[in-house]
Amino acid sequence: MKTPNNPYAPKLARIVETEMENATVKTFRVVFEDQAYMQSFSFKPGQVGQLTAFGAGEATFVINSPPTRMDYLQFSVMRAGEVTTALHMLKEGDLVGVRAPLGNAFPVEDMKGKNVVLIAGGIGMAPLRTLLLYMLDNRADYGDILLIYGTRSPDDFCYKADMAEWGARDDMKVVETVDSACTLWTKCVGLVPNVLLDEKPSPGNAVAVTCGPPIMIRFTLEALGKLGFTDEQIITTLERRMKCGMGLCGRCNIGEKYVCVDGPVFTMAELRELPPEL
Amino acid sequence: MSQLTELKEAIRKALPDLDLVLGWREGYDALHAPPYHIRRQEDLEHLVFGPMCVNNLASQLMHLRGKKVGIIVKGCDARSVVELLQEKIVNRESLVIFAMPCKGVLDVKKIRRALDIDHAREVHFHNGTIEITSGDKTSSVELKDVLADKCLRCHYPNATEYDHFIGEPVEPRVSAEEAAADPAMEELAGMDLTERFAFWKTHMNRCLRCYACRNSCPLCFCRDVCLADSRDPHWQSQETSVREKWMFQMIHAMHLAGRCTQCGECERACPVGIPILLLKKHLNAVVKDLFNYEAGIDPTATPPLFTFKVEEENIKEIEL
Amino acid sequence: MMASLFIVSKDIPQWLAAMAKTRKVFATQRESGAIIFKPYDPGREVVFERESVTSCKEAVFPQTKVLFSYFVKKNPETGETAGVAIEESLNKPAPQAVVFGTRPCGTKGFLTFDRVFDCDRIRDPYYTSLRERTAFITLACDRPGATCFCHWVGGAPDDPKGSDALLTPVEGGFLVEAVTEKGEELVNEARSLFAEADEKRREEGAAVRDKAKGMLTPKPDLTDIGPALEKRFRDLDFWEDMTAACVSCNMCTYLCPTCYCFNITDESDGQAGVRLRTWDACMSQQYSLEASGHNPRPTRAHRMRNRVNHKFWYHPKEYGGVISCCGCGRCVKHCPGSVDIRRILLTALERKDEDAE
Amino acid sequence: MSDVGGKELRIIGFLCNWCSYGGADAAGVGRFSQPTDLRIIRMPCTGRVDPLFVLKALVSGADGVLVSGCHPRDCHYSEGNYYARRRLEVLKRLLPMLGIHEDRFHYTWVSASEGARWQQVVTRFTERIHELGPMDSLDPELAVCAIRELGGENGQADQPAPASGE
Amino acid sequence: MRIGVFVCHCGSNIAARVNCAEVAKAALNFPDVVFATDEVYMCSEPGQESIRKAIVEHRLDGVVVASCSPRMHEVTFRRTVERAGLNRYMVEMANIREHVSWIGHDKDSNTRKAIDLVRIAAAKLRRDKPLTFKTFEVVKKVLVVGGGVAGIQAALDCADAGLDVVLVERKSTIGGRMAQLDKTFPTVDCSTCVLGPKMVDAAQHTRISLMAYSEIEDVSGYVGNFTARIKRKASYVDFSKCTGCGLCTEKCPSKKTFDDFNEGVGTTTAINIPFPQAIPKKAVINPATCLKLTKGKCGACAKVCPTGAINFDMREEIVEERVGAVIAATGYDLFDHSKYEEYGGGKLPDVITSIQYERMLSASGPTGGHVKRPSDGKEPKTVVFVSCVGSRDPAKGRPYCSNFCCMYIAKQSILTKDHIPDSQSYVFYIDIRAPQKGYEEFTRRAQEEYGTRYIRGRVSKIYPEGGKLIVRGADTLLGTQVEVQADLVVLAVGVEPTPGAGKLAEKLRISTDQNGFFMESHPKLRPVETNTAGVFLAGACQGPKDIPASVAQGSAAAGKAISLLARERLEADPQVSHVNPKRCVGCMKCVRVCPFKAIKETTGRDGLPKAEVIEAMCQGCGICSVVCPQGAVQLEHFKDDQILAEVEALCRTWVAKSCE
């Protein structure tokens with residue numbers, strides 16, 4: 001029996017497809033069992049969901065498919081702890097629980113008409129994927145799109161098929177980079193912030209969205225500053241340990257803001273208003 | 001020169017070479033003396049020492065690894081330090097021990113039971129009695145009635161390991177044999193199995209899983225990565241069932257077997273008065289009996305469960 | 001408010017028994033020297049003389065709550081997963097409950113829960129289902145202790161906010177005032193036990209309350225506590241000194257009537273399982289520890305900063321200036337290190353004009 | 001000798017792989033009949049047997065726990081059973097203080113060739129547990145209740161789950 | 001996870017007493033089990049094939065086989081799942097034959113038990129992880145400890161196979177006990193003639209480096225990568241210069257030195273070459289009796305030495321060798337018969353040991369091959385041999401049989417007759433043990449052709465009387481007391497481990513049996529292996545054995561070492577402990593208890609101490625795991641969670657049942 005609007009209760013969803021992105025990241029495409037719910041389901045790019053691996057628990061992931069493509073919801077799971085390990089064990093046809101959408105989204109309306117610089121590192125590509133696909137599906141609404149995506153080594157890239165497709169498009173620019181040179185890699189070599197400085201995107205009428213490991217973010221922010229981007233023009237997403245996903249359980253707060261409801265998307269200007277506790 | 005002045009003087013001299021010294025300061029009333037860090041010479045003015053200095057400062061040492069730390073110890077606290085030295089959690093070279101001979105510390109719960117006081121504004125000790133001023137009322141009680149149980153049976157009032165010994169050593173209050181006689185243990189021993197099972201069930205039912213016992217224990221230095229709230233390994237669920245709570249106390253007790261110095265911090269810390277020290281006292285007696293070993297005496301010894309003898313004199317194999 | 005009534009002390013058990021007929025009654029009882037809330041048991045004495053060690057959070061926010069159970073159903077022929085049955089515990093209605101003998105500070109603490117769990121943004125069905133069915137009969141405080149500071153945070157020893165009925169101890173018994181309809185109902189159910197309180201008793205009651213208020217120590221002005229704490233945010237030395245006595249246990253938060261943080265964990269055998277909501281504590285190292293090993297609040301100093309800031313800065317900022325501390329003093333009184341949150345506040349206020357570093 | 005007195009009780013055995021597990025195998029090979037209450041968990045060495053496994057079993061519903069390994073001096077890893085002996089002896093002496101009969105737990109040494117001895121150990125231990133009867137139970141875990149209520153025979157979930165842990 | 005359960009009937013071995021179909025049916029309800037079946041023989045080719053097929057068809061991640069003991073077929077089924085593409089550790093077994101069907105009569109109880117065993121196997125499997133081997137390089141060199149016949153054989157076989165060998169011998173010459181023997185049974189051929197060429201081969205082999213007069217100081221490391229520190233004792237003779245000419249021994253004035261090689265039959269000089277065929281043939285000074293070393297004067301040897309090899313300032317030195325395998329061949333020592341008061345307590349000069357007698361029989365021995373009574377030098381006419389002196393005598397702490405005494409007694413009685421044709425030998429024996437090829441015939445020859453009189457019974461007393469020794473004993477066959485007036489009594493003293501065996505066992509981290517002999521890994525199937533990987537046993541150090549058995553074991557141990565080191569890299573068993581650095585607080589309790597020194601202290605990223613397992617050294621006992629209070633050290637495949645899952649699988653079922 002279900003209590004209406006019980007925010008703790010996950011909805012059942014079936015895994016329709018899985019894909020190993022790299023050694024530690026597995027992508028799941030899921031569809032709600034309740035067809036009506038699936039049809040009425042809506043979300044905004046950047047919002048997250050809680051996935052339940054029955055038997056292990058819940059963990060938070062961004063919905064990295066765009067709301068413009070609702071055949072399934074896509075989540076990419078990096079194996080790190082108990083729940084993610086349990087999720088990795090799941091196969092096509094298995095059931096998961098989903099609580100979504102949670103949190104806020106990228107300001108896709110405000111970004112309309114602007115040039116967009118996407119800067120991703122590692123698994124940080126996941127939230128940018130949904131944003132990018134959303135923009136590509138509404139291509140006319142946005143200006144120039146530049147994607148800089150860096151990983152440690154060529155094997156670590158996620159969404160390799162997407163990358164190939166985006167790289168082939170002439171209405172956006174893709175720069176793939178790896179931290180250090182290696183054989184058979186003919187594309188860019190260098191750390192993301194340095195590549196960004198080389199690319200020199202203009203801050204004029206632009207928004208930069210960045211997501212990745214903390215160290216990359218730190219230097220990327222510095223680089224964006226050098227390029228002339230203001231705090232209002234820089235958007236990032238935060239990660240915190242989360243449990244409830246609705247601002248109750250306490251742990252994901254930064255000052256009075258809860259990453260799970262007020263985030264995960266923040267502009268740098270917003271972050272500067274919060275206590276420095278990252 | 002009073003003992004406190006002497007102590008302050010010793011710390012004053014040592015402080016320049018140390019990151020901090022662990023001591024006690026005056027608390028919100030005269031019966032409480034919370035631990036604090038002496039970093040600067042001027043911090044010394046808050047330093048107090050006396051029967052209200054109940055906390056075992058050795059519990060703090062785990063947090064302070066990597067620093068050069070001074071610590072003020074009572075006799076029983078020193079045993080915890082010795083144990084930490086044994087287990088290499090503390091490096092002797094980066095520790096300066098100021099030993100204070102101790103005549104016993106207060107049990108605030110006993111005072112609350114004995115005297116109806118709300119706010120101990122002033123506390124004075126006159127030979128054998130404690131005089132407490134609360135509001136405009138002053139009442140007194142015999143010190144022996146409000147000392148912590150462990151102090152009534154203390155036979156290690158003086159630290160065995162130290163750099164500075166402040167004042168004169170005090171005589172142990174009781175002999176080792178008298179120390180072994182423990183009314184609480186005798187009470188538990190007097191019960192039959194069913195009664196004991198019920199005893200623990202009742203007590204554990206009250207447990208909040210707040211882990212004050214664990215975190216106050218100087219030897220539970222793995223408190224941040226404790227099995228009780230770990231998912232990998234997954235020993236315990238977060239349920240507040242008697243089963244989980246009791247299981248935790250079993251883990252606590254077994255992990256302390258042969259290591260516990262009986263400082264009593266676990267039991268003192270428990271907000272709901274669960275007599276958890278009983279299990280540890282019992283295991284200490286077992287360890288003493290089996291291995292003739294007492295924890296916290298010799299910094300170079302190996303606790304008995306981390307070693308063995310090919311022939312165990314005191315373990316007789318029992319055939320079914 | 002209903003007119004004052006009077007009940008003699010020895011009739012209290014009868015009142016409790018009357019309420020216990022149809023409700024779950026929590027009352028303060030002594031166990032091993034500690035006064036705690038336990039389900040009322042006619043065989044056990046109910047004690048009032050001191051504030052209980054535990055708050056009565058358990059009544060509306062149980063330490064363990066099964067959110068739902070689940071079972072992975074199999075096709076009995078093939079063994080393949082056929083579905084997952086999820087059974088929410090909400091389906092079983094919670095019993096009506098009465099909490100008897102909280103102090104005004106503790107009762108008021110539940111208003112913090114109300115603000116968080118039952119607001120425009122979200123309505124937590126587990127909380128509200130219990131909260132709606134729970135009544136609080138509060139005992140006005142006649143002698144604040146060394147650790148009390150309800151008046152610092154907008155409370156008072158006789159503050160009826162959040163209570164359904166308020167008792168005041170007087171000679172031979174208690175003055176009883178129903179604050180809400182629910183309270184009135186509870187009194188009326190055993191109306192024969194109560195007498196109208198005469199003028200003398202009412203005056204005595206007022207005197208008891210005034211005396212208690214008079215015993216309170218002067219209070220500081222906490223208007224600027226938010227900014228003062230903000231000033232100290234980067235001052236980790238400050239927080240380290242303030243937590244020198246802290247052992248980083250969960251006691252302060254578990255005893256606190258306003259702390260509501262929780263954890264969600266699953267327990268399962270791989271096929272059948274439960275999702276549990278259990279109390280959690282921001283003083284625990286694992287509270288904010290991420291799977292990567294990164295911890296934004298790695299030391300007790302960081303964690304204490306968050307705890308104090310949350311009560312006196314973040315929560316007021318979010319909820320119109322209301323401090324989420326009820327001043328009951330449990331965290332001070334029972335802390336194994338006697339960490340005094342008041343000292344932290346006063347020191348922060350003292351240094352509010354001083355910049356960090 | 002079949003079942004000891006009808007209804008089976010709940011006995012867990014932790015056996016070291018090298019000696020006692022082999023001893024239990026030898027008992028099987030020799031067709032040395034034994035009571036069937038015991039469920040054996042294979043361990044690499046008694047040195048791996050954390051006394052807490054025993055306690056966990058006893059508070060979780062086991063009526064008896066048996067640990068068996070190589071005789072002293074015969075440990076495959078030289079020293080495992082020496083450590084085990086100390087730990088398990090301490091454990092044995094803790095049990096009565098918890099209100100658990102110390103006879104509910106037994107540790108012993110049985111080599112891979114001692115099938116007959118294994119038969120004796122199992123038989124006597126099982127008899128002893130039957131003399132003691134089932135262990136006093138603690139409240140069942142919530143998770144267990146859920147399994148019971150939801151599990152049913154074919155996994156049909158119809159019963160409501162318990163409300164909470166109040 | 002997707003688990004398949006396979007219940008084996010084992011013909012009727014299981015099926016007769018367990019309802020296998022019922023077990024499979026029950027298993028299908030267990031968590032994560034998506035396939036369950038029962039078959040007649042799971043281990044058979046079709047049985048294994050059905051597992052393989054099910055893994056593929058049902059996309060299984062792991063398999064539970066309910067059948068016989070894992071000690072029987074775990075390896076089999078690991079291979080089976082590996083062939084189907086799973087990791088070999090993704091299989092768990094439920095032992096429903098040895099632990100169920102063969103021991104329980106009641107089919108219902110058995111079936112319930114079998115279901116529970118499958119339940120715990122599946123519960124554990126859910127926590128199993130694929131484990132992969134790590135490989136490491138090996139040092140293709142073998143350390144052979146002991147230069148007796150077993151050690152020599154092992155060294156030669158290894159060297160012939162192309163491995164470098166370091167042969168370490170405690171004494172100044174190799175050859176061991178066999179070199180002391182005059183003749184060997186049952187062929188009665190010359191011991192030195194047989195052994196000599198082997199000794200020479202060993203000395204001259206280009207791959208063998210011979211370190212005589214040396215001892216093992218300590219051994220660290222692990223299979224494939226041991227480091228041995230070898231102590232070269234101070235011989236005061238530079239072996240590189242000494243030619244073994246023997247001039248020094250002629251001039252040495254200190255002639256009362258105990259003659260070790262001749263077992264005290266006669267004395268020798270302080271500087272000494274044990275016997276003419278010694279290899280290496282080098283002189284060694286006994287510092288206890290050398291006048292120069294004890295009193296500071298003399299130096300006669302140095303004066304006469306033509307090569308200037310004498311060096312009184314020599315000190316012992318430590319040599320380090322890296323080796324991949326170690327063969328222990330330290331041989332045996334002999335029982336000290338002075339413990340037998342009834343045989344004179346070692347005080348009767350004409351009661352000698354069999355090895356002393358052997359030296360007397362030897363033509364190159366101290367008596368030049370003439371049998372003489374030590375007391376008066378007369379030729380004995382009546383010789384009594386007493387067997388089992390320090391063997392098969394639990395009262396003396398020697399419960400075991402020394403294996404070859406019966407045979408050499410027969411040999412020595414035959415040789416006695418050869419040397420002194422008019423002599424009469426008596427043998428007091430308990431049983432005659434002569435089971436090998438030609439042995440029985442040999443003992444019969446002693447009796448029938450050489451007239452040796454065998455008396456079955458223990459000797460109760462030996463005492464001197466009128467220049468003779470009265471040997472009193474029982475003849476248990478006749479049931480009478482017997483007294484023999486003997487000229488010489490030879491005690492067949494039992495075999496015991498060498499005095500240094502215990503110490504060496506510690507250094508090699510191998511165990512010893514209750515009698516102090518090195519313990520083999522399995523008495524039947526792994527007789528020359530030990531429980532420390534890469535350490536093998538040869539010869540009597542493992543237990544009393546005669547020459548052919550020692551030689552065979554030397555070759556066997558060599559074979560094991562050769563096959564081990566034939567690989568370039570070794571695989572480390574992945575069932576080892578690992579430290580989770582996020583949980584480790586650095587208390588190092590694990591380091592303290594590890595019997596294999598396989599855990600070391602390192603520094604973590606936070607600069608604090610952390611424990612770390614050296615995987616190749618870890619043997620997988622899990623002692624560390626139990627002492628780690630926070631569960632940071634976990635033994636793969638036997639993690640806390642895996643064992644807890646097993647416990648909980650049982651307990652939850654039980655509790656759930658009792659709730660009903």
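Just so we're clear, the structure is a prediction, and the values are computed from it rather than from any experiment.
Heavy atoms closer than 4.5 Å to chain E are found nowhere in D:Ala84, neither backbone nor side chain. With a 4.5 Å cut-off on non-hydrogen atoms, E:Glu74 touches chain D through its side chain but not through its backbone. Of the atoms belonging to D:Val65, not a single heavy atom falls under 4.5 Å from chain E. Contacts between E:Asn13 and chain D at a heavy-atom distance below 4.5 Å involve the side chain alone, from C-beta outward. For D:Tyr21, the parts lying under 4.5 angstrom from a heavy atom of chain E are both the backbone and the side chain. Interface remark: E:Val593 contributes backbone and side-chain atoms alike to the contact with chain D (heavy atom separation under 4.5 Å). Only the backbone of D:Ile11 comes within less than 4.5 Å of a heavy atom in chain E; its side chain stays farther off. Only the side chain of D:Tyr83 comes within contact range of chain E, with heavy atoms under 4.5 Å apart.
Ranked by non-hydrogen atom pairs under 4.5 Å with chain D, the options E:Ala121, E:Pro523, E:Pro595 are led by E:Pro595. When D:Asp25, D:Ile41, D:Leu52, D:Ile12 are compared by the number of non-hydrogen pairs under 4.5 Å with chain E, D:Asp25 comes out ahead. Chain E forms the most heavy-atom pairs under 4.5 Å with one residue out of D:Pro44, D:Ala57, D:Gly61, D:Pro51, and that residue is D:Pro44. The choice from D:Arg73, D:Met43, D:Arg87 that makes the most heavy-atom pairs within less than 4.5 Å of chain E is D:Arg87. By number of non-hydrogen pairs under 4.5 angstrom with chain D, the leading residue of E:Ser69, E:Ser101, E:Ala505 is E:Ser69. Counting heavy-atom pairs closer than 4.5 Å to chain D, the top residue among E:Leu644, E:Leu635, E:Asp640 is E:Asp640. In terms of non-hydrogen atom pairs under 4.5 Å with chain E, the most contact-rich of D:Tyr77, D:Trp118, D:Trp18, D:Phe53 is D:Tyr77. Contact count against chain E (heavy-atom pairs under 4.5 Å) is highest for D:Gly28 among D:Gly30, D:Gly22, D:Gly28. Most heavy-atom pairs under 4.5 Å with chain D: of the set E:Pro70, E:Gly104, E:Gly620, this distinction falls to E:Pro70.
Here the closest non-hydrogen pair linking E:Val626 and D:Gly47 is CG2-O, 3.2 Å. When all heavy atoms of E:Lys113 and D:Thr36 are compared, the closest pair comes out as CD-O, 3.3 Å. D:Cys45 and E:Cys621 make their closest contact through CB-O, 3.6 Å (heavy atoms, listed as atom of the first residue, atom of the second, distance). D:Ser60 and E:Cys651 make their closest contact through O-CB, 3.3 Å (heavy atoms, listed as atom of the first residue, atom of the second, distance).
With contacts defined as side-chain heavy-atom distances shorter than 4.5 Å, the pair E:Glu648/D:Lys56 qualifies.
Remark: side-chain polar atoms of D:Arg48 are paired, donor with acceptor, to backbone N or O of E:Phe638 under 3.5 angstrom. For the pair E:Arg71 (side chain) and D:Asn17 (backbone), a donor-acceptor distance under 3.5 Å is present.
Within a 6.0 Å radius of NZ in E:Lys107, more than 12 heavy atoms belonging to other residues, nucleotides or ligands are found.
Between the CD1 atom in E:Ile120 and the CD1 atom in D:Ile40 there is a gap of 9.0 Å [rounded to 0.5 Å]. Note that the CD atom of D:Glu8 and the CG atom of E:Asp106 stand 7.5 Å from one another [nearest 0.5 Å]. Between atom SG of residue E:Cys594 and atom CD of residue D:Glu79 there is a gap of 8.5 Å, rounded to the nearest 0.5 Å. In this structure, E:Ile623 CD1 and D:Asn81 CG are separated by 8.5 Å, a value rounded to the nearest 0.5 Å. In this structure, E:Asp116 CG and D:Arg39 CZ are separated by 4.0 Å, a value rounded to the nearest 0.5 Å. The structure places NE2 of D:His76 at 9.5 Å from OG1 of E:Thr530, a figure rounded to the nearest 0.5 Å.
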| Under the salt bridge (Lys or Arg N to Asp or Glu O under 4.0 Å) criterion, do D:Asp37 and E:Arg112 qualify, and how do the steps go? | CA-CA 10 Å; D:Asp37 308 44; E:Arg112 278 199 300 280; over 6 Å; no

| How far apart are the C-alpha atoms of D:Asp74 and E:Met519, what are their side-chain angles, what is the distance that settles it, and do they pass the side chain to side chain contact (heavy atoms under 4.5 Å, CB included) test? | CA-CA 9 Å; D:Asp74 292 354; E:Met519 182 96 128; 3.9 Å; yes

